[in-house]
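Working notes for the structure below.
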Amino acid sequence: MNSFYTEDELKELPIKSFGKNVLISRKVSIYSNREIVIGNNVRIDDFCILSGKIELGNYLHIGAYCALYGSQGIKMEDFSGLSPRCTVFSASDDFSGNFLISPTTKKEHNHIIGGEVIIKKYTQIGAGTVIMPNLILQEGSAIGAMSLVTQSTEAWSIYAGTPAKKIKNREKGLLNFIKEYE
Ligand SMILES: CC(=O)SCCNC(=O)CCNC(=O)[C@H](O)C(C)(C)COP(=O)(O)OP(=O)(O)OC[C@H]1O[C@@H](n2cnc3c(N)ncnc32)[C@H](O)[C@@H]1OP(=O)(O)O
């Protein structure tokens, strides 16, 4: 059996819409009230979790074992990507000590904080990275492996570390290839 869903099978998943050439592994878990929009030429590999409101552009790859927690929205623009084992949080509990942290406790005892995560065009996230809520990774950002991203990035910059800091500007040579995909 093919390891990716067929087009007919994709129509049965809780996805609002999807384009052409969308390859989603049968081992991906999707938890969403039809709030996921997927463009063209997208591949999502084994053991990923897609939850909540997620918008994926064109020419995207999400590597194995990534988790996208989109209760407050996650947007990935064209030609962006997640290397394996990345986690993108659009919401988080309050770790201050003033609230309980569990989906099994009363809602009034929890404090969820967060906001949309926007990953702009041509941004690539290195393996094992954690992206925190309410930020924008500007066009052409690159994030080193095993980073913790707590703030928005500057365009065409490379960040790395915990928390992630800018280490250098990023080249723009990839833009030479883009007209072949328009
Ligand atoms: C889709 C796929 O490819 S799947 C495979 C997954 N691939 C990845 O995750 C690749 C991610 N790439 C990286 O992490 C790279 O190290 C990059 C892009 C962040 C930087 O690469 P380069 O531009 O070659 O930078 P370079 O190796 O010269 O490092 C520059 C500095 O940043 C530091 N650094 C590099 N990567 C990291 C990192 N991930 N975390 C923390 N610090 C880092 C280096 O130690 C060095 O520090 P120094 O100047 O104090 O010595």
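In this chain, numbering begins with 1 at the start of the sequence shown. What's counted below: heavy atoms across the whole structure, side chains too, no hydrogens, waters or symmetry copies. Numbering of ligands and ligand atoms starts at 1, following listing order.
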Query raised in the report: If we ignore angles and hydrogens, is there a donor and acceptor under 3.5 Å between the side chains of Asn21 and Asn41?
Result: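 The criterion, which ignores hydrogens and geometry beyond distance, is satisfied for Asn41 and Asn21.
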Requested in this report: State, without any angle test, whether Ser83 and Gln124 hold a side-chain donor-acceptor pair at a distance under 3.5 Å.
Outcome: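 The answer is yes; a qualifying pair exists.
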Query raised in the report: Among pairs that include at least one residue of residues 140-156, which meet salt bridge (Lys or Arg N to Asp or Glu O under 4.0 Å), considering only residues two or more places apart or in two chains?
Result: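 Applying salt bridge (Lys or Arg N to Asp or Glu O under 4.0 Å) to every pair that reaches into residues 140-156, excluding sequence neighbours, yields Glu154-Lys166.
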Requested in this report: Examine distances only and state if a side-chain atom of Glu77 and a backbone atom of Lys121 form a donor-acceptor pair shorter than 3.5 Å.
Outcome: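 Present.
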Show which side-chain atoms of residues 44-53 pair as donor or acceptor with protein atoms under 3.5 Å away, not counting sequence neighbours.
| from | atom 1 | to | atom 2 | distance (Å) |
| --- | --- | --- | --- | --- |
| Asp45 | OD1 | Arg43 | NE | 2.7 |
| Asp45 | OD1 | Arg43 | NH2 | 3.3 |
| Asp45 | OD2 | Arg43 | NH2 | 2.9 |
| Asp45 | OD2 | His61 | NE2 | 2.7 |
| Asp46 | OD1 | Ser25 | OG | 2.5 |
| Lys53 | NZ | Ser71 | O | 3.3 |

Query raised in the report: Tell me, which residues have any heavy atom less than 4.0 Å from some atom of ligand 1?
Result: Ser83, Pro84, Gln124, Gly126, Ala127, Gly144, Ala145, Ile158, Ala160, Gly161, Ile167, Lys168
Report task. Could you name each residue pair satisfying ring pair (Phe, Tyr, Trp, His ring centres under 6.0 Å) that touches residues 142-179, not counting sequence neighbours? Result ->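 Output for this query lists Tyr122-Trp156.
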